[in-house]
Peer 1: 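Input: one structure, supplied below.
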Amino acid sequence: TDEHLDLDDGRWEDIHVITGALKLFFRELPEPLVPFGHFDKFIAAIKMQEPMRRGRCIRDLVYSLPPANHDTMKLLFRHLCRVIEYKEENRMSVQSIAIVFGPTLLRPASEEGNMAMHMVFQNQVVEHILNQYGNIFPD
């Protein structure tokens, strides 16, 4: 909205409020950051056994996203990589970030099927993109 937020206001000092708002923003989008039509493609890519082929396929899928999704993903994942740099202080490793953001950024259009199995692959996709950020988004 057009509401002006004063981030110097004391209520924003709790990092959990800000991180919760970020996650809620992505969870509340009508369509996730990875559009529904790309879900099965990303899941198929992460299941590929050969690492080079898997990496190329995921990179190509990221580049096939609509420009707004691609650019938002680049910015978000750059930020998440910075968060991971401080994992000793914040306990947010690549795996922790993937668990938190996997189901939020990448989900099927319908919640039917094996949700637990989906979650494993959703997390693996996010983990892969975090680990390969420099290769997927060269600056």
Side-chain angles (χ1 to χ4, degrees):
T1 66
D2 291 331
E3 179 182 350
H4 174 72
L5 293 177
D6 178 9
L7 294 179
D8 291 327
D9 183 338
R11 65 184 166 160
W12 300 109
E13 288 179 12
D14 182 359
I15 193 67
H16 297 97
V17 171
I18 295 170
T19 56
L22 179 66
K23 186 178 173 202
L24 181 63
F25 169 79
F26 283 104
R27 187 178 36 222
E28 299 266 326
L29 289 173
E31 187 167 43
L33 186 61
V34 173
F36 294 128
H38 284 71
F39 178 81
D40 289 332
K41 297 172 189 173
F42 272 93
I43 299 304
I46 202 65
K47 290 179 178 180
M48 292 178 178
Q49 295 299 311
E50 205 267 296
M52 295 286 283
R53 188 167 166 243
R54 178 176 55 238
R56 269 192 314 275
C57 190
I58 290 176
R59 185 194 65 222
D60 292 347
L61 284 168
V62 168
Y63 276 89
S64 76
L65 294 174
N69 298 60
H70 172 274
D71 295 348
T72 302
M73 179 180 278
K74 180 178 181 179
L75 231 146
L76 174 64
F77 277 73
R78 181 172 60 208
H79 171 70
L80 294 176
C81 285
R82 284 195 309 256
V83 169
I84 292 163
E85 289 176 16
Y86 297 93
K87 66 182 173 198
E88 297 305 320
E89 293 88 23
N90 61 27
R91 298 190 314 263
M92 292 305 290
S93 65
V94 171
Q95 295 82 10
S96 300
I97 297 272
I99 289 168
V100 170
F101 280 94
T104 299
L105 302 177
L106 181 82
R107 62 183 188 268
S110 141
E111 293 298 329
E112 296 170 8
N114 191 341
M115 283 179 47
M117 188 57 81
H118 279 163
M119 197 172 297
V120 169
F121 295 123
Q122 290 161 308
N123 297 352
Q124 287 177 359
V125 169
V126 170
E127 194 171 328
H128 177 88
I129 295 170
L130 288 167
N131 285 327
Q132 297 299 315
Y133 179 84
N135 296 327
I136 295 172
F137 300 105
D139 284 333

Peer 1: Without swapping roles, check the side chain of Arg82 against the backbone of His79 for a donor-acceptor pair under 3.5 Å.
Peer 2: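 A pair under 3.5 Å: no.
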Peer 1: Anything under 30° is parallel, anything over 60° is perpendicular, the rest tilted; go ahead and classify Tyr63 against Phe137.
Peer 2: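 Correct class here is tilted.
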Peer 1: Counting only heavy atoms not in Arg27 (residues, nucleotides, ligands), do more than 12 fall under 6.0 Å from its CZ?
Peer 2: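 Correct, the count exceeds 12.
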Peer 1: Testing the basics here: between Lys23 and Thr104, what is the closest heavy-atom pair and its distance to 0.1 Å?
Peer 2: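 Heavy atoms only, the tightest pair is CE-OG1, 3.5 Å.
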Peer 1: For residues Asn69 and Pro32, report the shortest heavy-atom separation together with the two atoms involved.
Peer 2: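 Shortest heavy-atom contact: ND2-O, 4.0 Å.
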Peer 1: Quick one: do Tyr133 and Ile84 satisfy side chain to side chain contact (heavy atoms under 4.5 Å, CB included)? Show the steps, please.
Peer 2: CA-CA 12 Å; Tyr133 179 84; Ile84 292 163; over 6 Å; no
Peer 1: Does Glu31 reach the main-chain N or O of Phe36 with its side chain, forming a donor-acceptor pair under 3.5 Å?
Peer 2: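 Side chain of Glu31 to backbone of Phe36, a donor-acceptor pair under 3.5 Å: yes, one is there.
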Peer 1: How long is the straight-line distance from OG of Ser93 back to CD of Glu88, given to the nearest 0.5 Å?
Peer 2: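 Reported to 0.5 Å precision, the distance equals 10.0 Å.
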Peer 1: Please round to the nearest 0.5 Å and tell me the distance separating atom CD of Gln132 and atom CZ of Phe77.
Peer 2: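 Here the rounded value is 12.5 Å.
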Peer 1: Could you report the tightest heavy-atom contact between His118 and Pro108, atom names first, then the distance?
Peer 2: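 Smallest heavy-atom distance, with atoms named: ND1-CG, 3.8 Å.
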Peer 1: Just by distance, do the side chain of Gln122 and the backbone of Met119 share a donor-acceptor pair under 3.5 Å?
Peer 2: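 Indeed, once roles are kept as given, a pair shorter than 3.5 Å links the two residues.
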Peer 1: CD of Gln124 to CD1 of Ile46: how many Å apart, nearest 0.5 Å?
Peer 2: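 Here the rounded value is 5.5 Å.
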Peer 1: Heavy atoms only: give me the nearest Cys57-Ala45 pair and the separation to one decimal.
Peer 2: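 Result for this residue pair: SG-CB, 3.6 Å.
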Peer 1: Same hydrophobic cluster for Val120 and Phe101, using side-chain heavy-atom links shorter than 4.5 Å among ILVMFWY?
Peer 2: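 As far as the 4.5 Å side-chain criterion goes, Phe101 and Val120 are not connected within one cluster.
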Peer 1: Looking only at heavy atoms, which two atoms of Gly102 and Asn123 are closest? And how far apart?
Peer 2: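 For Gly102 and Asn123, the tightest heavy-atom pair comes out as CA-OD1, 3.7 Å.
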Peer 1: Can you give me the closest heavy-atom contact between Val62 and His70, atom names plus distance?
Peer 2: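 Where Val62 meets His70 most closely, the heavy atoms are O-CD2, 3.4 Å.
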Peer 1: Hydrophobic clustering (ILVMFWY, side-chain heavy atoms < 4.5 Å, transitive) - are Val100 and Leu130 grouped together?
Peer 2: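 In one cluster with Leu130: Val100, yes.
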Peer 1: Is there a donor-acceptor pair under 3.5 Å between the side chain of Arg54 and the backbone N or O of Met48?
Peer 2: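 The answer is yes, because a donor-acceptor pair under 3.5 Å joins these two groups.
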Peer 1: Using the rule that Ile, Leu, Val, Met, Phe, Trp and Tyr join whenever any side-chain heavy atoms are under 4.5 Å apart, tell me whether Ile99 and Leu105 fall into a single cluster.
Peer 2: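 Unlinked, Ile99 and Leu105 end up in two clusters.
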Peer 1: Measure the shortest side-chain to side-chain distance between Ser64 and His38 over non-hydrogen atoms and say whether it is less than 4.5 angstrom.
Peer 2: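 Counting from C-beta outward, Ser64 and His38 do come under 4.5 Å.
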Peer 1: How many angstroms lie between CG in Asn90 and OG1 in Thr19, if you round to the nearest 0.5 Å?
Peer 2: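 OG1 of Thr19 is found 10.0 Å from CG of Asn90.
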Peer 1: Nearest 0.5 Å, what's the NE2-CZ distance between His128 and Phe42?
Peer 2: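 His128 NE2 to Phe42 CZ: 9.5 Å, rounded to 0.5 Å.
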Peer 1: Between atom CG of Asp60 and atom CD1 of Ile136, what is the distance when rounded to the nearest 0.5 Å?
Peer 2: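 The CG atom of Asp60 sits 10.0 Å away from the CD1 atom of Ile136.
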Peer 1: In chain order, what residues pass the side-chain contact (heavy atoms from CB on, under 4.5 Å) check against Leu75, with sequence neighbours excluded?
Peer 2: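 Scan of Leu75 (side-chain contact (heavy atoms from CB on, under 4.5 Å), adjacent residues dropped) gives Arg78.
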Peer 1: Hey, any chance Phe25 and Leu65 share a hydrophobic cluster, counting ILVMFWY side chains that come within less than 4.5 Å of each other, even indirectly?
Peer 2: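 Per the 4.5 Å side-chain linkage, Phe25 and Leu65 are co-clustered.
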Peer 1: Can you check side chain to side chain contact (heavy atoms under 4.5 Å, CB included) on Leu106 and Ile43, steps first, answer last?
Peer 2: CA-CA 9 Å; Leu106 181 82; Ile43 299 304; 4.3 Å; yes
